[in-house]
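Everything below concerns the one structure shown next.
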Amino acid sequence: MKLYIIPLIFMLLSCPVGANAAEDFVITPSGVLAEYRGNASEVEIPSGVREIGERAFYKNKLTSVKLPSSLERIGNYAFYGCTSLETIMGGADYIGDGAFYGCTSLSSVSKDYLAVEIGEKAFFGCSALGEFNFGENISVIDDFAFSKTAVKSVKFPEALSYMGVGAFSQCQKLSSVSFEEGIKEIGEEAFSKTPIRSITLPDSLEKINRGAFMECLELYKVELGASVIKIGTQAFMNDAKLYKINLPVSLSEIGDYAFWGCKELDLTVGENVKLYSHSLPEKENLPDWLFGNVLINGEIKFIEKCLTNR
């Protein structure tokens, strides 16, 4: 018996501190990683795990995580507040709400991290995250999913069908955005307060929601697709450098304050477009703006009262 005790003790002592051990992972019979109890800085999740459960790594001190190919879902707040997490290797189809919220050191995400759906505030406040690869299957980017990250450019595929409120708002380094055909609406404040300089929107797009490009102070040119029906309230408000935008014949409504503060912009608006008292840019040396001056077919006309159904 003594012959076996000594080698066993030697093996335990020689094990690196923080190394992954089977007992560190609490895994249900259905393949859900319910809890991580270890203290390793580099974590490799066992093969066969299908889902990382809610708050499984909540505020853990890990610096990197390797996800198995079997993984399908990352639960809500799974890595919430892991401020030391720098690298994610691998991916999952679904990323839950707040999954990586506040991971302020996260700077590297595998290019094969090809999610189909990214939940609300999934990467909110990941201030070191400068790049994220949206694969061809991404269909949903929920509210504030990448708000306050450091992403510099984004390219969206045809599969994208929904972009939520503030999805990329306040991304202070975001300068390049491109879309393929597919998306029909851009969410409220989706790109507000970003340094985008110019953007071309696809023919599939029908609606630009409230404040979608509000306070984009570097935005100077917008090319709208042929199917835009409505430009929402405050959609381009205070885009002070905006001087060029085309309005397609499909356009039927421009919301209140949509171009308020765009003092470099002159617009020609069709007679059948529904306008509100402050739909178009304010101009100097014109009659009282209190009730609204609008530019219709190159001619300033005065609207005496706001239209209804605002």
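Fair warning: this is a prediction, and the values are worked out from it, not measured in the lab.
Between Arg73 and Arg50, the closest side-chain pair of non-hydrogen atoms is not below 4.5 Å. The closest side-chain heavy-atom distance from Val177 to Thr194 is not below 4.5 Å. For the pair Leu71/Ile45, no side-chain contact is recorded, criterion being any heavy-atom separation below 4.5 Å from C-beta on. Under the 4.5 Å side-chain criterion, counting only non-hydrogen atoms from C-beta, Tyr257 is not in contact with Met214. Between Glu215 and Ser192 the shortest side-chain heavy-atom distance does not fall below 4.5 Å. Between Leu201 and Ile186, the closest side-chain pair of non-hydrogen atoms falls below 4.5 Å. Between Ile118 and Phe100, the closest side-chain pair of non-hydrogen atoms is not below 4.5 Å. In this structure the side chain of Ser178 reaches within 4.5 angstrom of the side chain of Lys155, judged on heavy atoms.
Exactly one of Leu224, Ile245, Val222 qualifies for a side-chain contact (heavy atoms from CB on, under 4.5 Å) with Ile199. That residue is Val222. The only member of Glu51, Glu72, Glu117 that meets side-chain contact (heavy atoms from CB on, under 4.5 Å) when paired with Tyr94 is Glu117.
Counting only distance, with no hydrogens or angles, the side chain of Ser250 and the backbone of Ala226 share a donor-acceptor pair below 3.5 Å. A donor-acceptor pair is defined here as one N or O able to donate and one able to accept, closer than 3.5 Å; such a pair exists between the side chain of Ser110 and the backbone of Gly90. The closest donor-acceptor contact from the side chain of Gln170 to the backbone of Lys193 lies at 3.5 Å or more, if one exists at all. Listed for the Ser70 side chain is a donor-acceptor partner under 3.5 Å among the backbone atoms of Gly48. A donor-acceptor pair under 3.5 Å is formed between the side chain of Ser139 and the backbone N or O of Val116.
Distance check, rounded to the nearest 0.5 Å: CZ of Phe213 to CG of Asp239 gives 9.0 Å. Remark: Glu35 CD to Asp24 CG distance equals 10.5 Å, nearest 0.5 Å. Here the CD1-OH distance, from Ile183 to Tyr162, works out to 10.0 Å after rounding to the nearest 0.5 Å. With values rounded to the nearest 0.5 angstrom, Ile229 atom CD1 is found 4.5 Å from Glu206 atom CD. How far CG of Asp97 is from CG of Asn76: 4.5 Å, rounded to the nearest 0.5 Å. Atom CD1 of Ile138 sits about 5.0 Å away from atom CD1 of Ile141, to the nearest 0.5 Å.
Between Phe123 and Thr149, the shortest heavy-atom distance links the atoms O-CG2, 3.2 Å. Nearest approach of Gly255 to Ser279, heavy atoms of both residues: O-OG, 3.3 Å. Closest non-hydrogen pair, Ile52 versus Ala78, comes out as CG2-CB, 3.9 Å. The shortest non-hydrogen separation linking Asp143 to Val165 is OD1-N, 2.8 Å. Among all heavy-atom pairs drawn from Gln172 and Pro195, the shortest one is O-CG, 3.3 Å. Pairing each heavy atom of Asn209 with each of Gly187, the nearest pair is CB-C, 3.9 Å.
In terms of the side-chain hydrogen bond (donor to acceptor under 3.5 Å, both in side chains) criterion, Lys152 has no residue partners (sequence neighbours excluded).
Clustering of Ile, Leu, Val, Met, Phe, Trp and Tyr by side-chain heavy atoms under 4.5 Å joins Tyr243 with Tyr220. Summarising the hydrophobic clusters (Ile, Leu, Val, Met, Phe, Trp, Tyr; side-chain heavy atoms under 4.5 Å, direct or chained), the residues clustered with Val249 are none.
For residues 217-233, every residue pair satisfying the salt bridge (Lys or Arg N to Asp or Glu O under 4.0 Å) rule, not counting sequence neighbours, is listed here: Glu218-Lys241, Lys230-Glu253. A salt bridge (Lys or Arg N to Asp or Glu O under 4.0 Å) check over residues 167-177, counting only residues at least two apart or in different chains, returns nothing.
Clustering ILVMFWY residues whenever any of their side-chain heavy atoms sit less than 4.5 angstrom apart, transitively, puts Val109 in the very cluster that holds Phe79. Phe124 and Met163 end up in different hydrophobic clusters when Ile, Leu, Val, Met, Phe, Trp and Tyr side chains are linked at under 4.5 Å. Residue Tyr36 is grouped with residue Leu85 when hydrophobic side chains (ILVMFWY) are merged at heavy-atom distances under 4.5 angstrom, including chains of intermediate members. There is a path of hydrophobic side-chain contacts, each under 4.5 Å, that joins Val65 to Ile95. Ile208 and Ile196 fall within the same hydrophobic cluster, defined by Ile, Leu, Val, Met, Phe, Trp and Tyr side-chain heavy atoms under 4.5 Å apart, directly or through other members.
Phe134 and Phe132 have tilted rings, their planes meeting at an angle from 30° to 60° on a 0 to 90° scale.
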Point to revise | Intermediate values then yes/no, side-chain contact (heavy atoms from CB on, under 4.5 Å), Leu247 and Ile254 | key: CA-CA 10 Å; Leu247 300 181; Ile254 299 177; 4.2 Å; yes
Review point. Under the side-chain contact (heavy atoms from CB on, under 4.5 Å) criterion, do Phe236 and Leu219 qualify, and how do the steps go?
Key: CA-CA 9 Å; Phe236 295 93; Leu219 184 63; 4.1 Å; yes
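The six-membered or imidazole ring of Phe168 lies near that of Phe156, with a centre-to-centre distance under 6.0 Å.
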Side-chain donor-acceptor contacts of residues 55-63 below 3.5 Å, not counting sequence neighbours, with atom names and distances?
unit_1 : atom_1 : unit_2 : atom_2 : d
Asn60  : OD1    : Leu62  : N      : 2.9
Thr63  : OG1    : Ser41  : O      : 3.0

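A side-chain N or O of Ser169 and one of Ser147 form a donor-acceptor pair less than 3.5 Å apart.
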